[in-house]
Amino acid sequence: MSDKTSILIVDDNPNNLQVLGHLLKQENFSVAVSQDGQQALDYIAKKHPDIVLLDVMMPGMDGIEVCERIKANERSRQIPVLFITALSDSEDKMRGFRAGGHDYITKPFLKEEVLARVRAVVDRLQVEAELRKSRKALKEINENLEQKVVERTENLRKLQLQLVLQEKMASIGQLAAGLAHELNNPINFVYTNFTTLEENINDFFHIFVGYRRLIEKQDLAGGDLADLELLHEDEKRAHVDFVLGDIEALFAESREGFKRITWIITSLGNFSRSEQAEEKTTSDLNRAIEDTLVITRNEYKYHCEVETELGNIEPLICIPQQINEVLVNLVVNAAHAIKGQKRASKGKIQIKTYMQDTTVCCEIQDDGPGVPDGIKMRIFEPFFTTKDVGKGTGLGLSISYDIIVNKHSGDFVVQDAEGGGTIFIIRIPLLQQELIGKTYKRSGGTVCKI
Ligand SMILES: Nc1ncnc2c1ncn2[C@@H]1O[C@H](COP(=O)(O)OP(=O)(O)O)[C@@H](O)[C@H]1O
Ligand SMILES: [Mg+2]
């Protein structure tokens with residue numbers, strides 16, 4: 001305490017007040033005096049002294065009651081009270097302690113004793129003040145720490161989101177390159193066919209105009225065999241008979257090319273539909289698998305055959321984009337596993353869907369190298385990858401796990417395939433707990449409530 005310690009002395013005996021006041025003032029305390037209980041309480045309420053010295057025996061309100069009132073009041077409860085009692089009066093001392101008194105000083109006053117007892121209280125007040133200060137500092141440190149933990153957690157969450165996004169961007173980038181290639185192929189041959197057809201039509205046009213002229217001439221002046229011969233020569237040069245047969249094939253092939261382009265674009269459209277990116281809606285898992293296979297074709301077509309056995313399954317209530325993301329991850333992983341074996345013949349990816357009671361199941365099996373037992377549990381960990389630096393982020397399966405297990409209350413397991421290779425099994429219940437009581441739009445446009 002930096003200021004002087006303030007002491008209120010309450011005693012009905014002016015002589016006592018004077019002796020004690022003098023003694024304490026000499027010791028550099030700030031002293032106030034009061035001769036009766038009520039006056040003392042009023043003073044305490046206003047000035048809040050550090051210590052009260054209180055006589056037990058007073059007319060009117062005695063010291064015990066004054067002490068009880070001090071202790072009953074929230075604002076003055078902390079003020080230490082030292083009773084002033086006669087040396088012999090042990091009953092007074094006990095009553096004083098029961099009323100909340102801190103200590104006592106005895107009459108007649110012994111200077112050393114009075115000062116020792118008062119200083120003991122002052123020391124205690126100092127220790128308490130220090131303690132309060134430390135507690136306050138500790139509380140502030142704690143609050144700071146909590147704030148820091150909140151900030152760190154938020155930063156980590158942001159970082160995680162960023163990583164998930166990065167993984168998405170990486171796989172989108174990879175798929176985009178493949179898709180560009182897939183689209184380029186039919187566009188190239190439709191373009192080449194188009195150029196050939198244009199040349200053919202130019203030749204035909206030339207011959208057609210020749211025939212028209214010949215007919216006009218014949219009408220006017222009779223036939224001219226030499227002109228006809230010339231036209232026949234033109235026809236031969238233009239390989240008209242061959243071209244007539246070829247045109248049909250060119251159209252058929254181009255039609256096929258357009259179909260493929262439309263097919264890829266439709267799948268891409270289904271895939272990237274972004275209306276309710278994070279909302280659950282009914283969706284056809286079989287169709288999602290077919291779209292996935294179109295979009296990832298460039299990743300697997302050189303090394304794998306894909307077989308599908310898509311069963312009669314119920315529409316799934318899910319976040320379609322997330323399910324697509326899982327399917328892409330699994331198909332691409334399977335293709336990469338097979339590709340990594342560098343074998344002479346193509347490998348096989350098999351995709352099956354079926355119902356198991358009220359659960360929709362999907363198995364994606366490959367005949368690649370399999371996942372060694374030692375790392376089977378680790379492949380779902382974020383950043384776990386056996387691929388070369390820059391080839392894999394190691395996030396695909398951990399994100400897929402989160403999507404199936406946490407976001408769709410499903411199961412996601414890996415098993416060894418018979419004869420080598422890996423099977424990933426996804427099981428998603430039709431009735432996910434959180435869906436109960438909600439309304440869903442079916443793909444046909446009808447609304448259903450679960
Ligand atoms: N079909 C599979 N066959 C063999 N190993 C696989 C297969 N799918 C995943 N893995 C293993 O799991 C690891 C983690 O996969 P994933 O989380 O998708 O990350 P990434 O593909 O970026 O490595 C892969 O590096 C690979 O070792
Ligand atoms: Mg992967």
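Both counts, for ligands and for their atoms, begin at 1 and track the order of listing. Quick caveat, the model's predicted, so the values are computed rather than measured. All heavy atoms count here, side chains included; hydrogens, waters and symmetry mates do not.
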Determine, for [X] against [Y], whether the closest basic-nitrogen to carboxylate-oxygen distance falls under 4.0 angstrom.
X    : Y    : answer
R124 : D103 : no
E154 : R157 : yes
R260 : E256 : no

Would [X] count as a contact of ligand 1 if the rule is a heavy atom under 4.0 Å away?
X    : result
G370 : yes
N329 : no
F424 : yes

Relative to atom 15 (O) of ligand 1, which among L397, V332, I338, I349 owns the nearest non-hydrogen atom?
-> L397

Nearest heavy atom to atom 26 (C) of ligand 1 wins, so pick from T386, V331, V371, L330.
-> T386

With atoms numbered from 1 as shown, which atoms in ligand 1 lie under 4.0 angstrom from a non-hydrogen atom of G392?
-> 22 (O)

Ligand-side contact atoms (ligand 1) for residue partner A337, heavy atom cut-off under 4.0 Å | 2 (C), 3 (N), 4 (C)

Do any nitrogen or oxygen atoms of S398 lie less than 3.5 angstrom from nitrogen or oxygen atoms of ligand 1?
-> no

Before signing off on this row, confirm whether G394 and ligand 1 have an N or O atom pair separated by under 3.5 Å.
-> yes

What residue and atom, counting heavy atoms only, is the protein's closest point to [atom], and at what distance?
atom                    : value
atom 1 (N) of ligand 1  : D366 OD2, 2.9 Å
atom 14 (C) of ligand 1 : F384 O, 3.3 Å
atom 11 (C) of ligand 1 : I379 CG2, 3.8 Å
atom 21 (O) of ligand 1 : K387 NZ, 2.6 Å
atom 8 (N) of ligand 1  : N333 CB, 3.4 Å

Please tell me whether [X] and [Y] have a donor and an acceptor in their side chains that are separated by less than 3.5 angstrom.
X    : Y    : answer
E363 : Y354 : yes
N188 : N184 : no
Q147 : E151 : yes
D50  : T5   : no

Measure T385 to ligand 1 on non-hydrogen atoms and call it side chain, backbone, both or neither using the 4.0 Å cut-off.
-> both

Could you list all the ring pair (Phe, Tyr, Trp, His ring centres under 6.0 Å) pairs where at least one residue sits in residues 147-202, not counting sequence neighbours?
-> none

Flag, side chain of K280 to backbone of I319, donor-acceptor distance under 3.5 Å = no

Given the rule in the salt bridge (charged side-chain N to carboxylate O under 4.0 Å, His left out) test, do D203 and R237 qualify, once you have shown the distances and angles that lead to the verdict?
-> CA-CA 9 Å; D203 286 346; R237 254 198 311 279; over 6 Å; no

Check whether any side-chain heavy atom of V66 sits under 4.5 Å from a side-chain heavy atom of L41, and report yes or no.
-> yes

Side chains of I404 and F424: does their closest heavy-atom pair fall under 4.5 Å?
-> no

Protein-derived N, O or S atoms lying less than 2.8 Å from the Mg ion (ligand 2), waters not counted, sum to 1

What orientation do Y401 and F380 show, parallel under 30°, tilted 30 to 60°, or perpendicular over 60°?
-> tilted

